[in-house]
Amino acid sequence: MQAIAAQVKEAAKKLLEDKKVDLVVGFAEGSLPLRGTPLFARTPEEADQLTWNRGCENNLANFLRKREGKVAVVAKGCDVRSIVALTKENQIDRDNLYIIGVPCDGMIDRKKIGKLLGGKEVLAVEDQGDTIVLKGNGFSETAKVADLLHNSCIDCRYGNPVVYDALIGELMPEKAEEDFAEIKEFEAKTTAERRAFLAEEFSKCIRCYACRNACPMCYCTECFVDCSQPEWIGKSAADVQDNILFQAVRVFHGAGRCADCGACERACPMGINLRLLTRKLVKDVKVLFNAEAGVSMDDKAALATFTADDPEPFLVKE
Amino acid sequence: MIVSKKDIPNLLDKMIAEYDVLAPVKKDNFTVFKPIASGADAVLGEGNTKLPAKELFFPQSEKLFSYSVTEEGAKLDAPMDDKKKVLFGVRPCDARSLKLLDNVFDNDKFQDPYYLTRRANTVMVGIGCNMPSSTCFCTSVNSGPFDTSGLDILLVDTGDAYVVELVTDKGKALADQAGLAAASDADKTAAAAAKEAAVVTCQVNTDGLKAKLDVNFYDPIWEKIHEKCLGCGACTYLCPTCHCFDIVDDAVDCAGCRVRNWDSCAFPLFTLHGSGHNPRTSNKERYRNRIMHKFKYFVDNFNEIGCVGCGRCIKNCPVNMDIRVVLENIRGSEARLDS
Ligand code: SF4
Ligand code: SF4
Ligand code: SF4
Ligand code: SF4
């Protein structure tokens, strides 16, 4: 990780020194353990703060839409998928974007650490590769990194950036097809059970819209929830049905565009299982259209194209 | 007075008979304040609750009144929550946040009956913080882990028991009702030792901050500061002192209700005028408002910093926008005169 951080820094500095780009978007060391924070570097000195660690969890594609000038981004696999999807939607000009790709085998989920330590506060960490030492007031515990990764990272098969201009670190071996086990389990429930589950989950929602704002694909100039004429949805968070409606529309709007990066779920301060919904759509798009968002520059987004071969059962093909 | 920890469920059960008792309860991996049906449900001694105590006095969505127009005429119904309540296990920073909010909801110009009725009917029983978190900076904003300023009773954790400090007459009345044993000298010494041992490690220097904010409204530093902010409502909604609200009518035909909802200065709808004009056009102006409101306007209006140092915004921001770092960057910036 440290070696990668140094190379990221070096690559970014060079791009800025050579005036190849005006801005590098990457990660700096955050203020909490295992927390990277987005950094916008415009000079080689500012680029000195760039780093790479297991807490670089935000999807930086979110900061790249409609940028002026030449921009470079430090992007892991999921960021690149969103970049690809956004490029196809004309939100990113690929010619003005320099992708410093970093193969990524996963970011650490601080909620899993919380569970492991029973809520004890981590004050410092020591990354030892496959294991990590978590230190706090009167304790020091070693844990396997693999046990602490975000579920989205465990399921991700595109840790290797699908496009890049420079690559830092080693490409990783291919992973097996994902099996969508938890989605199948959810689908197997009765309607009443699913409804009850969603009602319970979304009773926690405080309508802070962190999920929407963290998502690179949520960029409508006016979100339907913010529209007051007409008012499509109740504005109070007290109504669980409205909370579910908000999320349902958000998730459907991401169908075929969502890269399953998990940024929405990570952003949610209430720990709501948003990926259950986003991933259900990821699975549907895969099953119905044999498509995945942002995995290639060449294919069209699943819902932005039509062919007579679409395996949609409701389309009659002669 | 003193109460042993194992007697707390019993004590709460007795209170429940007479009051609505609100205490932290477990929800997934965090705690939230909820009315409890049994004293055993209270989860005391964890850090701060996920949502601040303000929601109990100023709920996220509050029905101010409901109305209907029928053939018999117009009908109006304004419910008032005037139940007697005990808020048990609140942390000193959250209690103090209510003292700050009192300035807003009770002043020469406005008195908010909904908020004030709840305030008047609630006894605040706090627990001091023996183990402040690394993100707590209460001592930097005129408070501390055993601050009693918003409390009626303060409990000091001495291991197996809580030593009870009575702060107000309201607190004393509640404690008398409970019939607690007197604390021995040894208990009092233990309480003093617990206070002594609790160290708030995180310090935020606010020297000169206000002077800078007085003149840096147009400082280009705001361009840099806000850049990573997503403009979500996580920090404002989870903040115990943020109090902006929006009023909407939830109505179908001639019947409906007027609801007051939390609002957030981070949202594009905040201060959007009916004309379509918005004085805060971008995230820069909105994030600047969050800082200005807490560290300048609140000071101008009420002579207090509008932040209690609870650290919730630090822990919950999805991009690690850390208010401590922001304040330090502002302090360290060159002061520029407004132009
Ligand atoms: S919906 Fe969630 S998982 Fe999908 S692209 Fe947006 S942030 Fe990522
Ligand atoms: S981030 Fe979580 S709490 Fe906030 S609106 Fe989204 S689902 Fe609701
Ligand atoms: S500072 Fe963080 S929590 Fe607050 S609005 Fe910005 S992104 Fe959301
Ligand atoms: S600004 Fe942050 S630290 Fe201060 S009271 Fe609000 S949530 Fe707590």
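Just so it is clear, the values below take in all heavy atoms, side chains as well, and ignore hydrogens, waters and symmetry mates. Chain identifiers are assigned alphabetically (A, B, ...) following the order of the sequence lines, protein sequences preceding nucleic acid strands; residue numbering begins at 1 within each chain.
For B/C317, the part lying under 4.5 angstrom from a heavy atom of chain A is the backbone only. Heavy-atom distances place no part of A/E222 under 4.5 Å from chain B, backbone and side chain included. When heavy atoms are compared at a cutoff of 4.5 Å, B/P268 approaches chain A solely by way of its side chain, counted from C-beta outward. Proximity to chain A (any heavy atom under 4.5 Å) is shown, for B/V319, by both the backbone and the side chain. Only the side chain of A/F63 comes within less than 4.5 Å of a heavy atom of chain B; its backbone N, CA, C and O stay farther away. Residue contact with chain B, scored on non-hydrogen atoms closer than 4.5 Å, involves the side chain of A/L123 exclusively.
The most heavy-atom pairs under 4.5 Å with chain B, out of A/K204, A/Q229, A/E231, A/R266, come from A/K204.
Using a 4.5 Å heavy-atom threshold, the side chains of A/R110 and B/K315 count as separate. A/M270 has its side chain within reach of B/L51: a pair of non-hydrogen atoms, C-beta onward, lies under 4.5 Å apart.
To the nearest 0.5 angstrom, B/W262 atom CH2 is 13.5 Å from A/R207 atom CZ. Within the model, atoms CG of A/D226 and CG of B/L272 stand 9.5 Å from one another, a figure rounded to the nearest 0.5 Å. Rounding to the nearest 0.5 Å gives a distance of 6.5 Å between CD of B/E227 and CG of A/L23. Atom SG of A/C208 and atom CG of B/L230 lie 10.0 Å apart (nearest 0.5 Å).
Contact annotation for residues 49-59 of chain A against chain B (heavy-atom separation below 4.5 Å, listed by residue number): A/E57, A/N58.
A donor-acceptor pair under 3.5 Å is absent between the side-chain atoms of B/N320 and the main chain of A/T37, judged by distance alone.
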Result block: side-chain N/O donor-acceptor pairs under 3.5 angstrom for residues 322-329 of chain B, not counting sequence neighbours:
| from | atom 1 | to | atom 2 | distance (Å) |
| --- | --- | --- | --- | --- |
| B/D322 | OD1 | B/R324 | N | 2.8 |
| B/D322 | OD1 | B/R324 | NE | 3.1 |
| B/D322 | OD2 | A/S31 | OG | 2.6 |
| B/D322 | OD2 | B/R324 | NE | 3.2 |
| B/D322 | OD2 | B/R324 | NH2 | 2.7 |
| B/R324 | NH1 | B/S134 | O | 3.2 |
| B/E328 | OE1 | B/R331 | NH1 | 3.4 |
| B/E328 | OE2 | B/R331 | NH1 | 3.3 |

